[in-house]
Amino acid sequence: MFVPTLMGQCTPEQQAYWLPRALDMQIIGTYAQTELGHGTFIRGLETTATYDPETETFVMNSPTLTSYKWWAGGLAKTVNYCIVVAQLYTKGVCHGTHPFIVQIRDEETHMPRPGVKVGDIGPKLGFNTADNGYLGFDNYRIPRDNMMMKNAQVLKDGTYVKVARHGKATYGTMVFVRVLLVNEAAFNLAKACTIAVRYSAIRRQCSPDSEGSELQVLDYSTQQHKLFICIATAHALQLNSTWLWKTFSDTLAAIKQGNVDTLPELHALSSCLKALSTADAASLIEQCRHACGGHGYMMSSGLPYLYAFVTATRTYEGDYTILLLQTARFLVKAYEQVEAGKPLTPTVSYLSQAFTGKKLPWDSSPDGIIRAFQALAAGKLSSTVKSLRKRLESGLSYEQAWELSTIQLNGAAEAHCRAVMSQNYKSEIERLTVNSSPNVKLVLQQLYKVYLYYWALERTGDLLLYTSISESDIFELQLRYEGLLKEIRPNAVGIVDAFDLRDEVLHSALGSYDGNVYERLMAEAQKSPLNAEPVNQTFHTYLKPMMKGKL
Ligand SMILES: CC(C)(COP(=O)(O)OP(=O)(O)OC[C@H]1O[C@@H](n2cnc3c(N)ncnc32)[C@H](O)[C@@H]1OP(=O)(O)O)[C@@H](O)C(=O)NCCC(=O)NCCSC(=O)/C=C/CCCCCCCCCCCCC(=O)O
Ligand SMILES: Cc1cc2nc3c(=O)[nH]c(=O)nc-3n(C[C@H](O)[C@H](O)[C@H](O)COP(=O)(O)OP(=O)(O)OC[C@H]3O[C@@H](n4cnc5c(N)ncnc54)[C@H](O)[C@@H]3O)c2cc1C
């Protein structure tokens with residue numbers, strides 16, 4: 001996050017000074033925005049940067065315990081520089097949060113600079129290879145030039161100058177990392193399902209008829225139900241990640257030309273796609289662990305590490321709930337656009353359906369299900385706006401009405417994102433497989449149908465509300481979904497092998513390519529320190545005295 005912020009928030013002159021040093025690892029930095037007391041509410045951050053024109057410096061301070069920077073990766077013991085997001089004061093006026101480059105340790109001795117308090121925040125659920133730290137300032141001075149001045153400046157005499165035309169220029173790094181995190185979610189889910197599917201092909205358990213041999217657990221329908229949605233989702237996230245990256249690049253190019261019109265849609269898309277991709281990946285990685293029984297609970301399976309790493313992404317770079325609410329904010333505005341007869345941006349063009357007043361005729365084809373997801377999203381948004389307006393009519397303020405409607409707002413945002421992801425998934429597969437062999441086309445079509453059928457069956461309640469789907473349609477769809485799982489089964493191992501993830505990347509006794517699961521589990525067990533000697537010394541110090549009643 002240090003380098004992307006230098007690139008996004010510094011003037012060309014500042015980049016010329018800082019970037020080469022950062023890229024050459026002459027300095028190591030982190031991005032310190034979150035505080036002990038605030039992570040989501042950026043405008044509530046308490047760290048201050050007060051400009052002193054006498055010395056042409058900013059004085060950094062942590063006025064309260066809750067103002068201590070908290071969480072930044074590498075902050076505890078690794079970095080010697082930080083990008084610190086602080087409330088900027090000059091001439092007695094607060095201009096809100098701005099980014100500053102702050103040296104916190106001596107480049108030679110690595111000792112913390114005078115006025116800097118820094119340390120580790122302690123053990124975490126995962127991410128323990130990163131020394132996330134805390135940071136406090138006590139009247140610590142930095143040069144004026146260390147304010148990152150691409151979007152705003154403070155002149156030598158303390159005059160504040162706003163440069164960027166759009167108010168959220170300083171949030172650019174977060175959008176960039178959110179876009180990256182969709183790809184990270186796909187990559188880590190692909191690892192987990194490779195591990196779980198390979199293991200499920202090796203693992204044999206139970207024989208339905210007492211004479212027969214035990215079945216591969218991958219042959220069980222319930223195991224296929226657990227795992228094939230994981231494979232389909234890994235592809236869905238990867239294709240949406242590529243699509244979002246292009247949207248991000250196009251928006252950046254437009255902003256460089258001074259056109260910020262597509263920024264709100266990019267923020268809405270990056271928010272909900274980051275939220276859903278990280279939440280789906282985390283829950284499906286845990287589902288992969290569940291599918292591997294006891295051995296999935298071993299650290300040597302690689303699955304606990306993957307879960308602990310990915311579940312953090314649901315929180316950092318914008319908590320799941322918060323980001324969906326950002327998307328909901330954009331959707332409510334789009335709804336009002338439709339009412340006013342104004343044109344809509346591409347990803348919300350389907351919202352006009354919300355005004356037909358009719359249920360969408362059910363069509364179980366892939367395109368029909370995608371249209372159903374769009375009708376569902378439009379219907380949920382319409383119902384949410386109705387609740388919002390009912391509360392406003394009761395005399396509540398907009399903020400109060402909004403807060404009371406946030407459960408529905410989040411539901412509408414999730415439905416919108418599912419519709420966007422489904423549309424992208426199918427259209428990207430069709431675009432990318434134009435020249436593919438029939439077999440590849442068939443397998444990838446089977447996977448996106450698993451995705452569509454799975455989520456349609458997960459959302460039958462909403463489909464009954466907003467489409468003409470009937471009980472028998474749902475019954476038929478369930479049978480079709482279960483049949484599709486059986487069609488995929490023969491190719492399942494080949495499909496995860498196609499992720500082409502080396503053993504060194506998987507780090508898994510269960511998922512290694514050679515399938516020698518039991519030998520690897522035993523080999524990993526031998527590494528346990530408890531196996532260093534036949535009798536551990538605790539027998540003599542605790543167990544034996546206890547058994548002799550002497551403890
Ligand atoms: C958005 C908030 C929640 C609210 O902000 P606020 O200022 O109050 O704004 P609002 O009033 O809600 O809205 C005002 C308007 O501004 C618009 N807006 C808001 N945000 C943005 C934005 N980002 N872009 C554009 N527009 C924006 C909003 O729509 C409103 O517009 P309008 O008025 O409706 O028109 C805000 O508080 C917020 O964002 N909070 C979340 C805080 C957050 O995200 N914190 C993150 C801290 S940093 C962090 O967590 C870092 C984590 C690092 C972990 C490790 C990262 C690993 C990277 C993985 C990738 C690895 C890739 C390489 C792998 C390899 O090489 O192998
Ligand atoms: C592994 C990891 C690495 C991190 N790395 C960094 C880093 O390098 N740099 C950095 O600056 N930060 C980092 N963070 C911090 C991260 O950005 C914050 O944790 C995140 O932004 C969430 O903020 P918070 O922790 O204050 O949670 P809070 O915002 O306090 O959320 C707590 C709960 O309150 C809910 N909530 C909060 N506000 C609202 C609201 N307005 N409406 C409804 N519900 C609400 C949330 O949904 C959540 O359920 C990291 C965090 C983790 C876990």
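Order of appearance sets the numbers: ligands from 1, and atoms from 1 within every ligand.
Of the N or O atoms in Y316, none lie within a sub-3.5 Å distance of an N or O in ligand 1. For ligand 2, the polar-atom distance check against D319 finds a nitrogen or oxygen pair separated by under 3.5 Å. The distance criterion of under 3.5 Å between nitrogen or oxygen atoms is met by G318 with respect to ligand 1. Here's the thing with T40: one of its N/O atoms is less than 3.5 angstrom from an N/O atom of ligand 2. Residue E184 has no nitrogen or oxygen atom sitting less than 3.5 Å from a nitrogen or oxygen atom of ligand 1, judged on distance alone. For R43, a nitrogen or oxygen atom sits less than 3.5 Å from a nitrogen or oxygen atom of ligand 1, counting backbone and side chain alike. Between T34 and ligand 1, no pair of N/O atoms sits closer than 3.5 Å. Between Y31 and ligand 2, at least one N/O pair is under 3.5 Å apart.
Those atoms of ligand 1 that come under 4.0 Å of a heavy atom in Y31, given as number and element, are 48 (S). Less than 4.0 angstrom separates some heavy atom of A72 from each of these atoms of ligand 2: 7 (C), 8 (O), 9 (N). Near T40, meaning under 4.0 Å from any of its heavy atoms, are these atoms of ligand 1: 36 (C), 37 (O), 38 (C), 40 (N), 41 (C), 42 (C). With ligand atoms numbered from 1 in the order given, ligand 2 contributes 47 (O) to contacts under 4.0 Å with heavy atoms of T321. Below 4.0 Å from some heavy atom of G39 lie the following atoms of ligand 1, by number and element: 42 (C). Set against the non-hydrogen atoms of G73, the atoms of ligand 2 under 4.0 Å away are 7 (C), 8 (O). Ligand 2 places these atoms under 4.0 Å from at least one heavy atom of Q33: 11 (O). Taking every heavy atom of I322 and a limit of under 4.0 angstrom, the matching atoms of ligand 1 come to 3 (C). Remark: ligand 1 atoms within the under-4.0 Å shell around heavy atoms of Q33 are 42 (C), 43 (C), 45 (N), 46 (C), 47 (C).
Between Y81 and E107, the side chains place a donor N or O and an acceptor N or O closer than 3.5 Å (distance only, hydrogens not considered). For Q9 and N151, the side-chain atoms include at least one donor-acceptor pair closer than 3.5 Å. Using modelled atom types, one finds no donor on one side chain facing an acceptor on the other under 3.5 Å when comparing Y51 with H95. No hydrogens or angles considered: a donor-acceptor pair under 3.5 Å links the side chains of N139 and N61. In summary, the side chains of K117 and Y68 do present a donor paired with an acceptor at a separation below 3.5 Å, with no hydrogens or angles considered. Side-chain contact check for R113 and Q103: at least one donor-acceptor pair (N or O, by modelled atom type) lies under 3.5 Å. Side-chain contact annotation: D24 with Q26, donor-acceptor N/O pair under 3.5 Å present. Using modelled atom types and a 3.5 Å distance limit, the side chains of D131 and T78 yield a donor-acceptor pair.
When the side-chain contact (heavy atoms from CB on, under 4.5 Å) test is applied to D500, no partner is found at least two apart in sequence or on another chain. Every residue two or more places apart in sequence or in another chain that forms a side-chain contact (heavy atoms from CB on, under 4.5 Å) with E399 is listed here: S397.
Of the charged side-chain nitrogens involved, at least one lies within less than 4.0 Å of a carboxylate oxygen, so that R418 and E414 count as a salt-bridged pair. Of the charged side-chain nitrogens involved, none lies within less than 4.0 Å of a carboxylate oxygen, so that E403 and R391 do not count as a salt-bridged pair. Taking a cutoff of 4.0 Å between a charged side-chain nitrogen and a carboxylate oxygen, K246 and E428 do not qualify as a salt bridge.
Nearest protein neighbour of atom 19 (O) of ligand 2, counting heavy atoms only, is T315 CG2, 3.8 Å. Of the protein's non-hydrogen atoms, Y316 CB, 3.6 Å is the one closest to atom 50 (C) of ligand 2. Closest to atom 14 (N) of ligand 2 among all protein heavy atoms lies W71 CB, 3.5 Å. For atom 24 (P) of ligand 2, the nearest non-hydrogen atom of the protein is G39 CA, 3.9 Å. The protein heavy atom nearest to atom 17 (O) of ligand 2 is T34 OG1, 3.4 Å.
Checking L269, L180, V179 one by one against F248, the side chain to side chain contact (heavy atoms under 4.5 Å, CB included) holds for a single residue, V179.
Contact annotation for atom 30 (O) of ligand 2: protein absent (non-hydrogen atoms, distance under 4.0 Å). Within the 4.0 angstrom cut-off, atom 34 (O) of ligand 2 has no protein heavy-atom neighbours. Per-atom contact check: atom 1 (C) of ligand 2 touches the protein, criterion being a heavy-atom distance below 4.0 Å.
Looking only at distances, a side-chain donor or acceptor of S508 sits under 3.5 Å from a matching main-chain atom of L510. With Q87 contributing its side chain and E46 its backbone, the two residues share no donor-acceptor pair below 3.5 Å. Put simply, the side chain of T311 never gets that close to the backbone of Y307: no donor and acceptor are under 3.5 Å apart.
If you look at T406 next to ligand 2, there are no close heavy atoms at all, none under 4.0 Å. The side chain of L181, and not its backbone, has at least one atom closer than 4.0 Å to an atom of ligand 1 (non-hydrogen atoms only; side chain from C-beta on). At a 4.0 Å heavy-atom cut-off, ligand 1 does not touch F330 at all. Proximity of R329 to ligand 1, defined as any heavy-atom pair under 4.0 Å, is confined to the side chain (atoms from C-beta onward). Counting heavy atoms closer than 4.0 Å to ligand 1, residue I42 contributes atoms from both its backbone and its side chain. Residue contacts with ligand 1, taken as heavy atom pairs separated by less than 4.0 Å, do not involve E265 at all.
Nearest-residue assignment for atom 39 (C) of ligand 2 (options I322, L324, I121; heavy-atom criterion): I322. Nearest to atom 12 (O) of ligand 1 by heavy atom, out of Q326, K333, R178, is Q326.
The closest side-chain heavy-atom distance from H98 to M147 is below 4.5 Å.
Environment of NZ in K386: sparse, with no more than 12 heavy atoms of neighbouring residues, nucleotides or ligands closer than 6.0 Å.
Taking 4.0 Å as the cut-off, G73 does not count as a neighbour of ligand 1 on heavy-atom distance.
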